Amino acid sequence: MSKWRVNTEHRFLNLSDITLGTYNLHDSYNTAALVGPLFRELQDRGNLDYVLNIMEPLQRAVINMQARGMLRSREALENYRKEVRDGLNQTDKVILAADPTGELKKPTGKYPNGIGSSQRLGKFLFGTLEFKSTKTTDKGLDSTDQEALGRILKGFRKKDEPHRQVLESIFHRSRLRTIQQRYLNLEAGSDGRVRAQVKMYGTKTMRFAYADPPLQQFPLELRHIFISRPGYLFLQVDYSQLEARILAYLSGDLPSITTFLENKDVHQENACDLFNYSQEDWEQLDSGLPKPTRNFAKSFLYGISYGGEVETMKTKTFCPCPKCAPHMPPTLKLKKTEMKEASDRWHRKHFRVRDWQAEIAEGVRKKHYYQSPMGCRRWIAKPWGPDLDREVKNLPMQFGGALIMNQRQVELDRMEAPIVLQMHDSFLLEVPEDQIDHWASEVKGVMEQPVQGLGDVSLPCDVEVGLNWRDMKPWMG
DNA sequence: CCCGTTGGCGCA
DNA sequence: TGCGCCAACGGG
């Protein structure tokens with residue numbers, strides 16, 4: 001059953017030919033009359049060249065990409081559906097058995113029980129089970145999200161132990177329910193291919209957005225349901241640390257620029273600075289810098305370099321249930337004072353960043369637009385405030401990254417590169433097996449071309465190949 | 001910190 | 001039935 005069904009009974013379709021003709025005439029005339037003023041406005045606002053040179057040909061590229069679509073494996077999808085269904089039956093059984101009031105058993109409009117209602121779940125956790133709430137929603141209700149559940153589990157005492165399985169089930173359920181409802185209902189064509197809607201003009205930063213389904217947000221663990229057709233492979237080429245590099249070059253942050261030019265891992269380097277390690281400290285370890293340390297440095301860097309305060313920064317909580325926990329990446333927890341020190345240390349070393357951001361914000365505040373060196377202008381009409389300030393401080397990186405990607409996609413489309421997906425900093429292609437080497441070097445070549453707006457530096461890419469979208473392996477050419 | 005999409009819920 | 005809120009997922 002299609003979500004988009006044409007209503008052939010619509011009154012508009014039953015109007016007389018002369019009425020429809022007259023309507024169409026007016027419609028066409030008035031649309032055509034807009035062209036002149038529209039072009040003039042684009043010119044006045046400094047975006048005509050970008051629209052003509054990039055956005056116009058990009059439309060063709062997007063149409064081609066959308067038409068290709070992605071093949072979904074019916075079998076993999078079915079297997080996953082069953083797994084999720086079984087998992088939900090199990091979690092719900094555990095949760096409902098723990099509620100003596102029976103309040104959670106009452107159905108909601110759509111679902112046979114009320115676990116999905118955050119209000120009722122909150123009453124269960126903080127009323128019936130008497131846990132202490134440590135987090136509220138914007139409206140002041142007790143939060144039941146993953147972070148809140150994680151905090152409850154962290155503060156567990158002996159007397160709480162009987163409820164451990166219930167808490168873990170609630171956590172596990174929230175993820176499963178999202179996957180089931182949002183990502184397992186796929187509309188595929190008769191050829192088994194999913195063609196998502198690509199929104200070219202929807203975002204503030206000129207990134208693309210996908211809908212029906214939202215492919216850019218597809219959970220990593222079930223991306224394997226998208227497979228390449230027989231005789232073909234997926235080829236993925238992605239920029240390494242795209243925004244971090246743009247930040248370094250635009251702000252003139254010499255320590256980071258040096259790291260990038262020497263082809264070192266910037267997150268590893270940041271991690272050493274943040275935790276006060278010397279190079280020798282971690283080089284002595286067998287496996288190099290521990291992964292959790294590097295991961296922490298990575299998200300920490302994004303947080304602080306976009307104006308985040310250490311006091312309000314949070315780390316993702318992973319599912320603590322016995323089934324998931326062994327597969328989840330280890331995490332690192334730091335004290336607030338340690339994080340504050342780390343942040344100060346980072347800003348001292350990368351002292352250009354804050355000054356440069358202040359200059360950007362000041363310019364935007366005066367001119368009401370941000371001019372990207374990558375050739376497009378973003379107009380901003382909102383009254384200034386702390387939120388807009390941070391938004392503007394993020395703009396050069398996210399906007400700039402998107403502009404680079406758009407320009408490269410136009411070029412790749414002209415070469416008829418079989419792109420099936422654009423993922424913010426990477427392209428996914430579906431190519432014949434015997435053409436992998438060809439397209440790997442072609443795509444990498446285009447993406448690594450010098451960026452004019454960035455002092456002609458090249459942004460390096462990594463290449464991966466695989467039979468499905470999840471299990472991609474590095475490609476050495 | 002920034003940028004997004006989406007389904008369910010509960011209330012007007 | 002329309003709408004704000006909540007919570008989940010991803011990218012940097």
Side-chain angles (χ1 to χ4, degrees), chain A residues 3 106-111 113-122 135-149 170-185 196-199 202-223 238-247 266-267 298-319 343 353 357 378 386-402 404-405 421-426 428 459 469:
Chain A
K3 191 169 160 186
K106 288 186 193 159
T108 62
K110 268 230 152 150
Y111 211 77
N113 66 53
I115 310 173
S117 159
S118 36
Q119 268 178 47
R120 280 150 75 178
L121 190 60
K135 186 191 176 190
T136 58
T137 66
D138 290 345
K139 261 192 89 192
L141 295 163
D142 294 331
S143 174
T144 59
D145 69 8
Q146 294 174 336
E147 193 194 356
L149 296 173
I170 293 172
F171 197 113
H172 193 71
R173 199 200 111 103
S174 66
R175 180 179 173 83
L176 283 188
R177 199 181 53 125
T178 301
I179 288 175
Q180 185 185 55
Q181 292 165 170
R182 194 118 78 237
Y183 300 104
L184 295 182
N185 288 321
Q197 183 194 151
V198 183
K199 301 186 184 182
T203 69
K204 295 195 271 192
T205 55
M206 294 301 287
R207 278 183 171 190
F208 289 172
Y210 279 76
D212 304 300
L215 287 178
Q216 288 168 325
Q217 286 77 30
F218 225 80
L220 296 162
E221 67 174 75
L222 67 123
R223 289 189 178 181
D238 60 297
Y239 283 115
S240 81
Q241 301 124 33
L242 180 59
E243 289 188 13
R245 283 178 203 261
I246 297 176
L247 171 63
V266 76
H267 294 305
K298 195 170 163 181
S299 37
F300 190 78
L301 170 73
Y302 283 117
I304 58 175
S305 61
Y306 294 142
E309 298 292 330
V310 160
E311 288 73 16
T312 51
M313 265 183 16
K314 40 187 165 185
T315 48
K316 187 176 160 55
T317 343
F318 293 100
C319 188
S343 168
V353 170
Q357 284 178 334
R378 166 97 210 160
D387 290 356
L388 183 55
D389 189 69
R390 289 192 304 271
E391 187 182 321
V392 166
K393 283 173 175 163
N394 171 272
L395 208 50
M397 280 66 77
Q398 198 175 129
F399 188 41
I404 293 171
M405 287 293 288
L421 199 64
Q422 204 258 51
M423 284 285 291
H424 306 308
D425 70 327
S426 71
L428 184 74
L459 303 173
W469 188 26

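A, B, ... follow the sequence lines: proteins, then strands. Residue 1 opens every chain. The structure displayed is predicted, hence computed values, not measured ones.
Distance from the side chain of Q181(A) is smallest for dG8(B) among the nucleotides dC6(C), dG8(B), dG10(B). Comparing dG10(B), dT5(B), dC6(C) against the side chain of P214(A) picks out dT5(B) as the nearest. In the set dG10(B), dG12(C), dA7(C), the nucleotide with an atom closest to the side chain of N394(A) is dG12(C). The side chain of T108(A) sits closest to dG10(B) out of dG4(B), dC2(B), dG10(B). When the nucleotides dG11(C), dC3(B), dG8(B) are ranked by their closest atom to the side chain of D425(A), dG11(C) comes out on top. Nearest nucleotide to the side chain of Q146(A), out of dT6(B), dC3(B), dC9(C): dC9(C). Distances were taken from every side-chain heavy atom of R207(A) (C-beta onward) to each of dA8(C), dG12(C), dT5(B); the shortest belongs to dG12(C). The side chain of E243(A) lies closest to dG12(C) when the candidates are dG4(B), dT6(B), dG12(C). Side chain of E391(A), nearest nucleotide from dG11(C), dC2(B), dC6(C): dC2(B). Comparing dC9(C), dG7(B), dT6(B) by their nearest atom to the side chain of T178(A) picks out dC9(C).
Note on S299(A): nothing from the nucleic acid sits closer than 4.0 angstrom, heavy atoms only. Within the nucleic acid shown, R390(A) comes within 4.0 Å of sugar-phosphate atoms alone, with no base atom in reach, counting heavy atoms only. Residue contacts shown for K199(A) are limited to sugar-phosphate atoms, with no base heavy atom under 4.0 Å away. Residue-level contact check: Y210(A) touches the backbone only, with heavy atoms under 4.0 Å from sugar-phosphate atoms and none from bases. Here S426(A) lies out of heavy-atom contact (under 4.0 Å) with every strand. Across all strands, L220(A) comes closer than 4.0 Å only to sugar-phosphate atoms, never to a base (heavy-atom distances). Counting non-hydrogen atoms under 4.0 angstrom, Q216(A) reaches the backbone sugars and phosphates but no base. Looking at heavy-atom distances under 4.0 Å, R223(A) makes contact with sugar-phosphate atoms alone, never a base.
Side-chain N/O atoms of T144(A) include one lying less than 4.0 angstrom from OP1 or OP2 on dA7(C). Within the structure, a side-chain polar atom (N or O) of K316(A) is placed less than 4.0 Å from OP1 or OP2 of dC9(C). Side-chain N/O atoms of S174(A) include one lying less than 4.0 angstrom from OP1 or OP2 on dA8(C). S117(A) has a side-chain polar atom (N or O) that falls below the 4.0 Å cut-off from OP1 or OP2 of dG10(B).
With hydrogens and angles disregarded, no donor-acceptor distance shorter than 3.5 Å links the side chain of Q180(A) to the backbone of R182(A). No donor-acceptor pair closer than 3.5 Å links the side chain of R207(A) to the backbone N or O of Q398(A).
Paired with K135(A) under the rule side chain to side chain donor-acceptor pair (under 3.5 Å), one option of T144(A), D142(A), D145(A) passes, and it is D145(A).
Checked by distance alone, R175(A) brings no side-chain donor or acceptor within 3.5 Å of a matching partner on the base of dA8(C). Judged by distance alone, with hydrogens and angles left aside, Q119(A) brings no side-chain donor or acceptor close enough to the base of dC9(B) to form a pair under 3.5 Å. Counting distance only, with no hydrogens placed and no angle test, the side-chain atoms of Q217(A) and the base atoms of dG4(B) include a donor-acceptor pair under 3.5 Å.
Rounded to whole Å, atom P of dA8(C) lies 11 Å from atom NZ of K314(A). Q422(A) places its CD atom 18 Å from the P atom of dC3(B), with the value rounded to the nearest Å. Rounded to an integer number of Å, the gap from L184(A) CG to dC9(C) P is 13 Å. A straight line from CG of L141(A) to P of dG10(B) spans 11 Å, rounded to a whole angstrom. If you take CG of D145(A) and P of dC6(C), they are 10 Å apart, rounded to a whole angstrom. Straight-line distance from the NZ atom of K139(A) to the C1' atom of dC6(C): 11 Å, rounded to whole Å. Spacing between atom CD of Q180(A) and atom P of dG7(B) amounts to 13 Å, rounded to whole angstrom units. Whole-Å rounding puts the I304(A) CD1 to dC2(B) P distance at 15 Å.
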Stepwise salt bridge (charged side-chain N to carboxylate O under 4.0 Å, His left out) test for R378(A) and E391(A)
CA-CA 12 Å; R378(A) 166 97 210 160; E391(A) 187 182 321; 5.7 Å; no

As a quick check of understanding, evaluate side-chain hydrogen bond (donor to acceptor under 3.5 Å, both in side chains) for E243(A) and Y306(A), giving each step before the final call.
CA-CA 11 Å; E243(A) 289 188 13; Y306(A) 294 142; 2.5 Å; yes

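Summarising the geometry of L215(A) relative to M423(A), their closest heavy-atom pair is O-SD, 4.1 Å, with the distance given to 0.1 Å.
For the residue pair R245(A) and S240(A), a side-chain donor N or O sits within less than 3.5 Å of a side-chain acceptor on the partner.
The aromatic rings of H267(A) and Y302(A) are tilted relative to each other, their planes meeting at an angle between 30° and 60°.
Both thresholds, 5.5 Å between centres and 30° between ring planes, are met by Y302(A) relative to the base of dG12(C), so the two rings are stacked.
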